[in-house]
Amino acid sequence: MTRVDSTELRIAAVVPCHNEEASVAKVVADLQAAVPGIVVYVYDNLSTDRTSELARQAGAIVRQEHTKGKGNVVRRAFADIEADVYLMIDGDDTYEAADAPLMIKTLLDGPYDHVLGVRRQDASGTAYRAGHETGNRVLNGVVGKVFGENVEDMLSGFRVFSRRFVKSFPAVSREFEIETELTVHSLHLRVPQTAVPVGFRDRPAGSESKLRTYHDGFKILALIIGLARHERPVAFYGLFGTLSWLVSIVLTIPIVIEFTRTHEVPRFPTLFLAFTLLLLGSLAWTAGLILDGIRRSRHEASRLVYLRYSAVVAEDDPFRNGGDAPARGDAR
């Protein structure tokens with residue numbers, strides 16, 4: 001197992017939990033054993049069982065988030081916690097915490113700002129619920145097509161981040177869409193990132209999944225469409241504009257042919273509809289071009305916020321404590 005020396009690093013684990021009394025203590029203990037010195041924050045999100053009590057007994061710092069949803073938990077944790085390296089892992093004990101040192105070392109050696117844990121099922125092959133693996137692949141493909149980048153496991157809940165990634169992440173999602181938002185943020189900001197295979201297994205006995213396959217799947221798909229509208233406005237609005245133009249042309253051609261033969265326009269309502277669609281198509285393209293300029297300005301502002309924080313450098317980096325290099329985790 002890869003070991004990580006955390007004596008000079010502030011490493012924080014964020015563990016979102018909702019009714020995870022069957023697994024939370026083991027997750028906390030496994031993280032502490034894998035990464036000595038790590039500070040584990042368990043965020044209890046409206047649990048009605050003994051999640052908070054058992055997490056506290058296991059040695060975690062327990063905080064409450066009273067607005068339901070994993071996205072709300074992540075937003076609160078990223079705002080409140082100060083660290084150099086952030087690890088996010090679900091509290092259901094489905095991820096192999098022993099892979100955390102490798103992910104952290106990968107982040108430091110890069111240096112990277114985002115390391116994604118790509119799930120690899122255990123020998124039983126039953127960790128993925130029916131339809132989840134297929135749905136994940138479909139959503140990965142959609143995001144890849146929309147944003148032009150290959151995504152291996154967009155919905156993974158096991159990730160490691162640098163401080164500058166966390167503090168530049170807006171976190172507007174409320175529920176399980178948060179993983180999609182994290183992925184898209186890393187893509188549009190073009191941060192250095194990589195992926196590491198991690199173990200993935202069934203939930204322990206007595207633990208139930210909070211993910212609702214179709215409900216949450218449609219919410220994630222709606223988020224992707226919304227993000228495409230914001231991040232690819234020319235393509236998004238241009239598609240509707242082009243379709244409007246094509247329908248307008250199809251409607252106009254018979255009228256023009258009839259006019260050349262009879263010098264009359266017998267179908268004024270159709271002609272009016274065609275010109276309306278032509279105007280709407282032009283407006284759609286105009287909106288896309290204007291919003292693309294706004295998007296560029298927004299990305300530049302996000303990039304400047306990102307650059308306010310220094311990279312987490314490896315132990316053998318010659319600029320770690322000298323020259324113009326800032327101290328690890330300090331804001332510029």
Side-chain angles (χ1 to χ4, degrees), residues 12-35 38 40-65 67-74 76-77 86-100 103 116-133 135-136 139 153-161 173-180 182 196-217 219-220:
V14 178
V15 186
C17 288
H18 174 69
N19 292 338
E20 300 290 3
E21 66 176 5
S23 56
V24 64
K26 184 176 184 301
V27 172
V28 174
D30 287 349
L31 286 171
Q32 292 172 335
V35 187
I38 191 171
V40 181
Y41 294 85
V42 170
Y43 275 78
D44 189 343
N45 190 213
L46 299 176
S47 295
T48 56
D49 59 9
R50 300 172 61 220
T51 295
S52 292
E53 177 186 348
L54 296 176
R56 192 174 290 110
Q57 290 176 2
I61 297 174
V62 177
R63 293 180 175 174
Q64 305 291 328
E65 174 51 52
T67 305
K68 187 177 180 181
K70 184 177 180 180
N72 293 316
V73 169
V74 173
R76 179 72 177 274
Y86 296 76
L87 181 148
M88 185 180 77
I89 189 171
D90 291 341
D92 56 9
D93 194 33
T94 55
Y95 294 95
E96 183 58 67
D99 292 323
M103 295 178 68
L116 174 67
V118 179
R119 291 172 286 185
R120 296 289 183 265
Q121 294 196 90
D122 59 12
S124 67
T126 60
Y128 272 113
R129 288 171 55 187
H132 282 191
E133 186 172 11
N136 190 22
L139 292 173
D153 191 0
M154 184 183 70
L155 301 182
S156 174
F158 194 6
R159 301 166 187 248
V160 174
F161 312 98
S173 298
R174 297 182 179 181
E175 298 185 7
F176 284 104
E177 316 97 287
I178 188 66
E179 282 92 355
T180 303
L182 285 164
V196 172
V198 297
F200 187 60
R201 55 178 175 256
D202 286 314
R203 280 173 165 267
S207 176
E208 295 182 359
S209 175
K210 317 305 184 298
L211 183 63
R212 295 165 291 179
T213 304
Y214 296 105
H215 178 271
D216 292 319
K219 292 189 72 172
I220 292 170

- Tyr43 OH to Ile61 CD1 distance, which is reported to the nearest 0.5 Å: 9.0 Å
- Closest contact, heavy atoms only, Ser23 versus Asp92: OG-CA, 3.3 Å
- Verify, without hydrogens or angle tests, whether Thr51 (side chain) and Glu20 (backbone) share a donor-acceptor contact under 3.5 angstrom. yes
- Does the side chain of Asp30 reach to within under 4.5 Å of the side chain of Asp93, using non-hydrogen atoms? yes
- Message: Would Val15 and Val40 count as a side chain to side chain contact (heavy atoms under 4.5 Å, CB included) here? Give the steps.
- Response: CA-CA 7 Å; Val15 186; Val40 181; 3.9 Å; yes
- Query: Can you find a pair of side-chain heavy atoms, one from Asn45 and one from Ser47, that are under 4.5 Å apart?
  - Reply: no
- Task: Determine whether Gln57 and Leu54 make a side-chain contact, defined as any pair of heavy atoms from C-beta on separated by less than 4.5 Å.
- Result: yes
- Message: Rounded to the nearest 0.5 Å, what separates atom CD1 in Ile178 from atom OG in Ser173?
- Response: 5.0 Å
- Query: So, do Asn19 and Thr48 sit near enough that their side-chain heavy atoms are less than 4.5 Å apart?
  - Reply: yes
- CG on Asp99 to CZ on Arg120, rounded to 0.5 Å: 11.5 Å
- Task: For Met154 and Thr180, run side chain to side chain contact (heavy atoms under 4.5 Å, CB included): C-alpha distance rounded to whole Å, both residues' side-chain angles, the deciding distance at 0.1 Å, then the answer.
- Result: CA-CA 6 Å; Met154 184 183 70; Thr180 303; 3.7 Å; yes
- Measure the shortest side-chain to side-chain distance between Val198 and Met103 over non-hydrogen atoms and say whether it is less than 4.5 angstrom. yes
- In terms of heavy-atom contacts, Gly91 and Cys17 come closest through CA-SG, 3.9 Å
- Message: Is there a side chain to side chain contact (heavy atoms under 4.5 Å, CB included) between Leu155 and Arg119? Walk through the geometry before answering.
- Response: CA-CA 10 Å; Leu155 301 182; Arg119 291 172 286 185; 3.8 Å; yes
- Message: With a 4.5 Å cut-off on side-chain heavy atoms, are Val28 and Val42 touching?
- Response: yes
- To the nearest 0.5 Å, how far apart are OG1 in Thr67 and CZ in Arg174? 9.0 Å
- So CZ of Arg159 and CG of Leu116: to nearest 0.5 Å the spacing works out to 5.0 Å
- Would you check if there is a donor-acceptor pair between the side chains of Ser52 and Gln64 at a distance under 3.5 Å? yes
- Message: Has Glu96 got a side-chain atom pairing as donor or acceptor with Gly199's backbone, closer than 3.5 angstrom?
- Response: no
- Please lay out, stage by stage, how Glu177 and Lys70 fare under the test side chain to side chain contact (heavy atoms under 4.5 Å, CB included). CA-CA 8 Å; Glu177 316 97 287; Lys70 184 177 180 180; over 6 Å; no
- Message: A side-chain contact here means heavy atoms from C-beta on lying under 4.5 Å apart; do Val196 and Val118 qualify?
- Response: no
- Which residues satisfy the ring pair (Phe, Tyr, Trp, His ring centres under 6.0 Å) test with Tyr95, sequence neighbours excluded? Phe158, Phe200
- Nearest heavy-atom pair of Val14 and Ala77: which atoms, and what distance? CG1-CB, 3.6 Å
- Item | Shortest non-hydrogen contact between Ala97 and Ala34, atoms and distance | O-CB, 3.6 Å
- For Glu53 and Arg56, what are the C-alpha separation, side-chain angles and deciding distance, and is it a salt bridge (Lys or Arg N to Asp or Glu O under 4.0 Å)? CA-CA 5 Å; Glu53 177 186 348; Arg56 192 174 290 110; over 6 Å; no
- Item | Side chain proximity check, Leu182 to Met88, heavy atoms < 4.5 angstrom | yes
- Hey, what do you get for CG (Asp90) to CZ (Arg203), rounding to the nearest 0.5 Å? 8.0 Å
